[in-house]
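Take a look at the structure below.
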Amino acid sequence: MHKVYLSLGSNIGNRRGLIRQAVELLESRVGHVSALSSLHETEPWGFESPNKFLNACCCCLTTLPPRQVLLATQRIEHDLGRTGKSVNGVYHDRVIDIDILLYDDIKVDEPDLKIPHPLMHERDFVMVPLKEIYNK
């Protein structure tokens, strides 16, 4: 089994419910959710919005390779109502965002998949919940 750490965020709609649904879908489509952080309310990062985020991190135990985890998380985002991804660092409000942070200790550097996540250390909304669950 592989350990994949994911960040989850939502700033429109039923934020708490959307994160709960995302975790349930991760459990069924990616693998057993072995750890889930508490929810953290944060200001938007990288753009202006009156809508605060709820953020969390989780760890999944999976048999899927990184590319399949990415496809599964993108499908979950789509199924929960996300219609577009950020492009060229232009961020916007979103019903759900799921990012791969870490996958075992591997490194991936592809145009659409970077592991470890290259900006995670700059984002308290990622690092604070990640520290709650890392290696638990």
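Source: prediction; values computed, not measured.
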Problem set entry | Note, Thr62 side chain near Tyr103 side chain (heavy atom, < 4.5 Å) | yes
Exercise. Are side-chain heavy atoms of Leu54 and Arg16 found at a separation under 4.5 Å?
Worked result: yes
Problem set entry | Whether Ser10 side chain and Leu18 backbone form a donor-acceptor pair below 3.5 Å | no
Problem set entry | Ring centroid separation Phe125 to His40 under 6.0 Å | no
Problem set entry | Spacing of Leu39 atom CG and Cys57 atom SG [to the nearest 0.5 Å] | 11.0 Å
Exercise. Crowded around His32 NE2? As in, over 12 foreign heavy atoms under 6.0 Å?
Worked result: yes
Seminar exercise, completed: Scanning both residues in full, the closest heavy-atom pair of Trp45 with Glu122 reads NE1-O, 3.9 Å
Problem set entry | Closest approach of Ala22 to Ile96 (non-hydrogen atoms, all atoms of both residues) | CB-CD1, 4.0 Å
Problem set entry | Glu41 side chain vs Lys52 backbone, donor-acceptor pair below 3.5 Å | no
Exercise. Roughly how far, to the nearest 0.5 Å, is the OH atom of Tyr134 from the CG atom of Leu101?
Worked result: 11.0 Å
Problem set entry | CD/Glu48: more than 12 non-hydrogen atoms of other groups inside 6.0 Å | no
For this session: Flag the pair Thr73 / Leu26 as yes when at least one side-chain heavy-atom distance between them is below 4.5 Å, and no otherwise.
Result: yes
Problem set entry | Basic-acidic side-chain contact under 4.0 Å: Asp104, Lys3 | no
Problem set entry | Gln21 side chain to Leu80 backbone, donor-acceptor under 3.5 Å | no
Problem set entry | Lys/Arg N to Asp/Glu carboxylate O, Asp112 vs Arg67, below 4.0 Å | yes
For this session: Report yes if some heavy atom in the side chain of Val30 is under 4.5 Å from a heavy atom in the side chain of Leu25; otherwise report no.
Result: no
Exercise. Among the clusters formed by ILVMFWY side chains lying less than 4.5 Å apart, do Val33 and Met1 turn up in the same one?
Worked result: no
Exercise. Rounded to the nearest 0.5 Å, what separation is found between the NE2 atom of His2 and the CG atom of Leu61?
Worked result: 11.0 Å
Problem set entry | Heavy-atom donor-acceptor pair, Asn11 side chain to Arg94 backbone, under 3.5 Å | yes
Problem set entry | Linked, directly or transitively: Leu6 and Val108 (ILVMFWY side chains, under 4.5 Å) | yes
Exercise. At what distance, to the nearest 0.5 angstrom, does CD1 of Ile98 lie from CZ of Arg75?
Worked result: 12.5 Å
Seminar exercise, completed: Heavy-atom closest pair (Asp124 atom, Pro129 atom, distance to 0.1 Å) is O-CD, 3.8 Å
Seminar exercise, completed: Nearest heavy-atom approach of Pro66 to Ile100 is O-CD1, 4.1 Å
Exercise. Do Asn51 side-chain atoms and Ile12 backbone N/O form a donor-acceptor pair below 3.5 Å?
Worked result: no
For this session: Would you give the length of the straight line joining atom CE of Met120 to atom CG of Leu102, rounded to the nearest 0.5 angstrom?
Result: 4.0 Å
Seminar exercise, completed: For Ser37 and Ile133 the tightest heavy-atom approach is N-CG2, 3.5 Å
Problem set entry | Flag side-chain contact, heavy atom, 4.5 Å: Cys58 against Leu8 | yes
For this session: Please determine if Asp79 and Arg29 form a salt bridge, counting it only when a charged side-chain N lies under 4.0 Å from a carboxylate O.
Result: yes
For this session: With the side chain counted from C-beta on, respond yes when Leu70 and Gln74 share a heavy-atom pair under 4.5 Å apart, and no when they do not.
Result: yes
Exercise. Between CD of Glu27 and CG of Leu36, what distance do you get to the nearest 0.5 Å?
Worked result: 10.5 Å
